[in-house]
Amino acid sequence: MDSEQRRERIAELAPEKLDEIESEDEGDDHPLPDLPNAEDGEVRMRVAPNPNGPWHIGHARMAAVIGTYKDRYDGEFICRFDDTDPETKRPDLDAYDAILDAIEYLGFEPDDVVKASDRVDVYYDHARELIEQGGAYTCSCPQGEFSDLKNSGEACPHREKDTETVAEEFEAMVDGEYESGEMVLRVRTDITHKNPALRDFVAFRMIDTPHPREEAAQYRCWPMLDFQSGVDDHLLGITHIIRGIDLQDSAKRQGFVYDYFGWEYPEVVHWGHVQVDAYDVSMSTSTIGELIAEGELDGWDDPRAPTVASLRRRGIRGEALVDAMVELGTSTSDVDLAISSVYANNRELIDDDTDRAFFVRDDEAFGGLVERQVVGGPDAGHPPLHPDFEDRGRRDIPVDPGVVVEGDDLPDHGDRVWLKGYGCVRHTRDAFEYVGDDITAVREEGVDVVHWAPADGPELRLRTMDGDVTGVAEPGYLDYEADDMLQFERIGFARVDRVDPDGESVAYFAHP
RNA sequence: GCUCUGGUGGUGUAGUCCGGCCAAUCAUAUCACCCUCUCACGGUGAUGACCAGGGUUCAAAUCCCUGCCGGAGCACCA
């Protein structure tokens, strides 16, 4: 009885058990834990990036996990740009689209895209309502003074202002009548709350710098994350929130606002930070941005940058990254993502479809480039495009006007080496003398098999995380197009980036 | 300092709520062998973990206590 038959049989005998059994089965192949109180078709989540730069790998975790939950629960997710800080974490106008591209690359599509900077009036309205209820007050304490009072659990004098005054002063904030730092609107929580992080927090502050988006450039009074995000999560119908542990107290702060409005707080899961091994560069948008500005990195997709764009340019599929991220789960402890697991996923995805090719590196690390004439053999070698799929055909690599190999692969004088896909040659003083194509030389006599290229093959630059390597590729490289993947035999997988028959072509190294 | 919150092999994860089927799952990693005209793929095998100490119990990764170590918040950043 196969599983289908078994299913039918159960449906006949005990239809009420079928659901139960199936839900158990399902539980087994979900790498992510169940969401609390989640029902199919009624889950709505959001990814809420600040568009102050393109995404690094850590950001991809949010989209990966939320997108996976969306598929699993047949739910929805929206992308909400929390771009309410025109100054300290100033939005980058290019990042909005870059982030949406990254989400698409990961294989997901938001059901809706909103920008907080389009919704400032909505936040004002809710602030007015909050003030009306006595849930907020305007405060002109200097930051440090308030901090001291708060830490000792004491209210500041502004806390007892009457509602009318607060309302007036808030309108003055909205109208931009204060300078940056002069006035804020605080939410009245519990000034003696045992957790100092929850005591009267700022909901709105003044910012002199205009927002980079033209549509929002007129605002000077901006909401803080705790207010904006809290209000939006409710208004946008979010049922489940996933975010970093740094925002753990945020949920509690927002809880006060929700209580004033009589709203129910969404389910929330907090997870730890992700680090990715294999990178020297700190994974923060601002650090990467600085390195680019200083010229240390070529751009957001430099192979050394720990960004989504970089992985993409290296030919790593979004799916490989998503799977690795999902396997990390949602635990509250910090996790290290081993990049090797992303590579393993990607290899699995692309190996069968990826053609093989030769690339001979001209680098001291591999003994430099050595050129030799081949005498006495066929005109060309014909290795298969893929060893497991002979029917895809063979490559045609001429040995004229000579071949290049990596110095480390050059045998001693008088010794033999097997030019892969061509045959066995003996290294004489200044040439490779063809010996034959009897494979027993390799199988039984220990002759090494090496990759090679015609001396006049296309120049290729391979960009890797450890820097660039130039060298010579086999002529067939010129037949590929940008975005094609190749496996350089004995080197690893790479993405074709630029094909230039007359100058230098470029490929990006993906992984071994 | 105050307040949260965690600790399963190199990495991640399952198991922890409801103690026994856990001498601990799966993946990745590493090593070895096999396969091989690639250092890829595939096959076989091996390596490797319950933070520590007490307690409860016939039985503890799981419950309790203490300790140790880590992460986060206490911003007019998100």
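Within every chain, numbering begins at 1; the chains are lettered A, B, ... in the order of the sequence lines, protein sequences first and strands thereafter. Computation of the quantities below employed the complete heavy-atom set of this structure, encompassing side-chain atoms and omitting hydrogens, waters and symmetry-equivalent molecules. Computed from a predicted model, the values in this text were never measured in an experiment.
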Using the [atom1] atom as the reference point in each nucleotide, state the distance between [N] and [M] in Å, no decimals.
{"N": "B:C2", "M": "B:G19", "atom1": "P", "value": "35 Å"}
{"N": "B:C21", "M": "B:G70", "atom1": "P", "value": "34 Å"}
{"N": "B:C51", "M": "B:A60", "atom1": "C1'", "value": "16 Å"}
{"N": "B:C35", "M": "B:C41", "atom1": "C1'", "value": "11 Å"}
{"N": "B:A61", "M": "B:C22", "atom1": "P", "value": "12 Å"}
{"N": "B:U28", "M": "B:U13", "atom1": "C1'", "value": "11 Å"}
{"N": "B:U56", "M": "B:C64", "atom1": "P", "value": "16 Å"}
{"N": "B:U11", "M": "B:A49", "atom1": "C1'", "value": "12 Å"}

Which comes earlier along RNA chain B counting from the 5' end, the contact point of A:H451 or that of A:Q248, where each point is its nearest nucleotide?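 Nearer the 5' end of the strand: A:Q248.
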RNA chain B: A:S333 or A:E327, which has the more 5' nearest nucleotide? A:S333
Exam field: side chain A:R205 to backbone A:S180, donor-acceptor pair closer than 3.5 Å: no
Does the A:R356 side chain pair with the main chain of A:H386, one donor and one acceptor, at a distance under 3.5 Å?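 No; judged by distance alone, with no hydrogens or angles, the pair does not exist.
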For [X], which contact category applies under a 4.0 Å heavy-atom criterion: base, sugar-phosphate, or nothing?
{"X": "A:D246", "answer": "base"}
{"X": "A:F493", "answer": "sugar-phosphate"}
{"X": "A:P512", "answer": "nothing"}
{"X": "A:N151", "answer": "sugar-phosphate"}
{"X": "A:S331", "answer": "sugar-phosphate"}
{"X": "A:R347", "answer": "sugar-phosphate"}
{"X": "A:C141", "answer": "base"}
{"X": "A:G421", "answer": "base"}
{"X": "A:N195", "answer": "base"}
{"X": "A:M224", "answer": "sugar-phosphate"}
{"X": "A:L328", "answer": "sugar-phosphate"}
{"X": "A:S147", "answer": "sugar-phosphate"}

Whole-Å distance between [N] [atom2] and [X] [atom1]?
{"X": "A:R356", "N": "B:C39", "atom1": "CZ", "atom2": "P", "result": "12 Å"}
{"X": "A:R395", "N": "B:U38", "atom1": "CZ", "atom2": "P", "result": "12 Å"}
{"X": "A:D388", "N": "B:U38", "atom1": "CG", "atom2": "P", "result": "11 Å"}
{"X": "A:D83", "N": "B:A78", "atom1": "CG", "atom2": "C1'", "result": "11 Å"}
{"X": "A:I350", "N": "B:U38", "atom1": "CD1", "atom2": "C1'", "result": "15 Å"}
{"X": "A:F201", "N": "B:C74", "atom1": "CZ", "atom2": "P", "result": "12 Å"}
{"X": "A:R253", "N": "B:U3", "atom1": "CZ", "atom2": "P", "result": "17 Å"}
{"X": "A:D34", "N": "B:C17", "atom1": "CG", "atom2": "C1'", "result": "14 Å"}

Check A:D85 with A:R90, please: is the shortest side-chain N to carboxylate O separation under 4.0 Å?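 Between A:D85 and A:R90 there is no salt bridge, as every charged N stays at least 4.0 Å from the carboxylate O atoms.
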Report yes or no: is the cationic atom of [X] (NZ for Lys, CZ for Arg) closer than 6.0 Å to the six-membered ring centre of [Y], at no more than 45° off its axis?
{"X": "A:R392", "Y": "A:F389", "value": "yes"}
{"X": "A:R253", "Y": "A:Y258", "value": "no"}
{"X": "A:R314", "Y": "A:Y508", "value": "no"}
{"X": "A:R372", "Y": "A:W452", "value": "no"}

If you check every side-chain atom of [X], which of [options] has the closest atom?
{"X": "A:S340", "options": "B:U28, B:U38, B:U3", "result": "B:U28"}
{"X": "A:V184", "options": "B:C77, B:C37, B:C76", "result": "B:C76"}
{"X": "A:D82", "options": "B:A78, B:G12, B:U38", "result": "B:A78"}
{"X": "A:A338", "options": "B:G12, B:G73, B:U11", "result": "B:U11"}
{"X": "A:D85", "options": "B:C77, B:A40, B:U3", "result": "B:C77"}
{"X": "A:I245", "options": "B:G73, B:A78, B:G71", "result": "B:G71"}
{"X": "A:T332", "options": "B:A40, B:U5, B:C74", "result": "B:U5"}
{"X": "A:R443", "options": "B:U36, B:C39, B:C74", "result": "B:U36"}
{"X": "A:L247", "options": "B:A78, B:G1, B:U28", "result": "B:A78"}
{"X": "A:T84", "options": "B:C74, B:A78, B:C41", "result": "B:A78"}

Across all strands shown, which nucleotide pairs with [N] by Watson-Crick or G-U wobble geometry, both distances under 3.5 Å?
{"N": "B:A78", "result": "none"}
{"N": "B:G19", "result": "none"}
{"N": "B:U38", "result": "none"}
{"N": "B:A49", "result": "none"}
{"N": "B:A14", "result": "none"}
{"N": "B:C2", "result": "B:G73"}

Does a nitrogen or oxygen in the side chain of A:K252 sit under 4.0 Å from OP1 or OP2 of B:U3? no
Answer yes if the side chains of A:R395 and A:H382 hold a donor-acceptor pair under 3.5 Å, and no otherwise. no
Check whether the ring centres of A:F358 and A:F488 lie less than 6.0 Å apart, and answer yes or no. no
Below 6.0 angstrom between ring centroids: does that apply to A:Y422 and A:Y434? yes
Has the side chain of A:K420 got a donor or acceptor that lies under 3.5 Å from a partner of the other kind on the base of B:C37? no
